[in-house]
Amino acid sequence: MKRTCVLLAGALAACGSAGGSGGGAAGRPDAMGAPHIETVDTARLRADTAATLAGAGTPQRTRPLVPPGYGTLRQDEVTVALRSGALLIKVTPLSESVIRLLAPDTYNRLHALAESRREEARRLAGAPDSELFLVSFFSYQPDVTYQPEDVQLSHQGRLLHPLAVLPLTPGWGRQRLQQQEQQTALYAFSTDIDLELPLLVRYGLEETDEWTRIIRRLETERAKVQARAG
């Protein structure tokens, strides 16, 4: 019994040390001398990081989240683009493990977007949580139709259909685009997605494995962010 108590006390002390390390980056300048940028809902972000350190969270979080405000990537650098006829489909994961590697202004925008619609996504998907993706359709020709439900993900041998689609632009419901027009929505997928593993994006008969190349880019940027954050 005495040995069990000693082990438990040591484990609790270790957890306290890990949880306290996340707050030290606030206000610290990066390698270029720019100050760390606090983002919206900072308390939630710190709690989210602490939960990840403790082993909680969705399956893709196999490592601690980096602090926000130190990334430099552009949105297009973490976006899968797929061409189907006159359509260009773009798919951007909104997972914190990805968007925290983006430049601060882009991170703030995408984080705020995901948080503002997360409860609605849960309700429409009928699930306690979901993995959100930003999906857009763009047309190179006039009067082109698109099918929102044809956007699917193939991951670890499973074909994943969206659990819910939340329109962001007013013309989404027409499912028709004029030349140079774009329509955008949030897609809610199952949380059983590991974004550190290959992921195919499909639309109709077309598919792309571009995410495999993006994974390497994220790995490189993650190492840089950790160095900047100290």
Side-chain angles (χ1 to χ4, degrees), residues 15 18-19 21-22 25 39 44-82 89-104 106-111 113-115 118 121-122 125 127-136 151-163 186-203 207-230:
C15 289
S21 63
T39 61
R44 178 189 176 98
L45 294 178
R46 289 174 178 165
D48 191 32
T49 303
T52 303
L53 286 168
T58 52
Q60 76 270 14
R61 295 177 184 171
T62 58
R63 67 183 75 196
L65 294 173
V66 299
Y70 293 98
T72 63
L73 296 180
R74 295 176 289 106
Q75 181 175 330
D76 277 349
E77 292 181 282
V78 300
T79 295
V80 175
L82 174 64
I89 301 99
K90 289 188 174 184
V91 179
T92 307
L94 298 185
S95 168
E96 287 288 317
S97 66
V98 174
I99 64 174
R100 288 194 185 194
L101 302 175
L102 301 176
T106 306
Y107 167 74
N108 288 339
R109 174 172 54 82
L110 294 181
H111 170 79
L113 172 62
E115 291 305 303
R118 194 173 299 280
R122 288 170 178 164
D129 207 352
S130 56
E131 197 67 62
L132 297 181
F133 290 75
L134 182 64
V135 177
S136 68
V151 176
Q152 301 167 354
L153 305 178
S154 181
H155 183 58
Q156 295 185 292
R158 297 175 295 118
L159 186 60
L160 305 176
H161 301 267
L163 303 176
L186 282 183
Y187 279 53
F189 284 90
S190 165
T191 56
D192 191 22
I193 297 175
D194 188 340
L195 291 172
E196 294 180 7
L197 296 177
L199 178 75
L200 293 178
V201 174
R202 290 184 170 182
Y203 179 76
E207 67 177 34
T208 177
D209 64 350
E210 188 177 356
W211 184 253
T212 301
R213 292 185 290 276
I214 294 175
I215 290 174
R216 294 194 289 270
R217 186 177 301 142
L218 295 175
E219 287 292 328
T220 300
E221 182 66 16
R222 185 176 288 110
K224 292 179 179 179
V225 167
Q226 289 170 339
R228 294 185 197 111

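None of the values given here were measured: they were computed from a predicted structure.
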What heavy-atom pair brings P68 and R100 nearest, and what distance separates the two atoms?
CD-NH1, 3.6 Å

Kindly indicate whether the side chain of S95, heavy atoms from C-beta on, has any atom under 4.5 Å from the side chain of E131.
yes

Contacts of A81 that satisfy side-chain contact (heavy atoms from CB on, under 4.5 Å) - sequence neighbours left out:
L88, K90, E210

Student check: side-chain heavy atoms of V66 and R222 closer than 4.5 Å
yes

Can you sort out the partners of K224 under salt bridge (Lys or Arg N to Asp or Glu O under 4.0 Å), two or more places apart, ordered by chain and number?
none

Looking at T79 and Q75, would you say the former's side chain and the latter's main chain have a donor-acceptor pair under 3.5 Å?
yes

Under the side-chain contact (heavy atoms from CB on, under 4.5 Å) test, which residues partner L200, sequence neighbours left out?
S154, E207, D209

If we only count heavy atoms from C-beta on, is the I214 to V80 side-chain gap below 4.5 Å?
yes

Student check: side-chain heavy atoms of L134 and V91 closer than 4.5 Å:
no

Should R217 and T220 count as side-chain neighbours, where that means a heavy-atom distance under 4.5 Å?
no

Side chains of Y187 and L132 in contact at under 4.5 Å (non-hydrogen atoms):
no

So, the side chain of R122 versus the backbone of A127: is there a donor-acceptor pair under 3.5 Å, distance only?
no

Looking at CD1 of I215 and CG of L195, how far apart are the two atoms once the value is rounded to the nearest 0.5 Å?
8.0 Å

Sequence-distant partners of R216, salt bridge (Lys or Arg N to Asp or Glu O under 4.0 Å), two or more places apart
none

Any side-chain heavy-atom pair from H111 and I99 closer than 4.5 angstrom?
yes

For V225 and P67 the tightest heavy-atom approach is CG1-O, 4.2 Å

List the residues meeting salt bridge (Lys or Arg N to Asp or Glu O under 4.0 Å) with R109, not counting sequence neighbours, and say none if there are none.
none

For the atom pair OG1 (T212) and CG (L199), what is the distance rounded to the nearest 0.5 Å?
8.5 Å

Check ring-ring contact (aromatic ring centres under 6.0 Å, His included) between F133 and all other residues, then give those that pass, not counting sequence neighbours.
F189

Using side-chain heavy atoms (C-beta onward) and a distance below 4.5 Å, is I193 in contact with Q156?
no

Ion pair check, E221 and R228, cut-off under 4.0 Å:
yes

So, the side chain of H155 versus the backbone of D194: is there a donor-acceptor pair under 3.5 Å, distance only?
yes

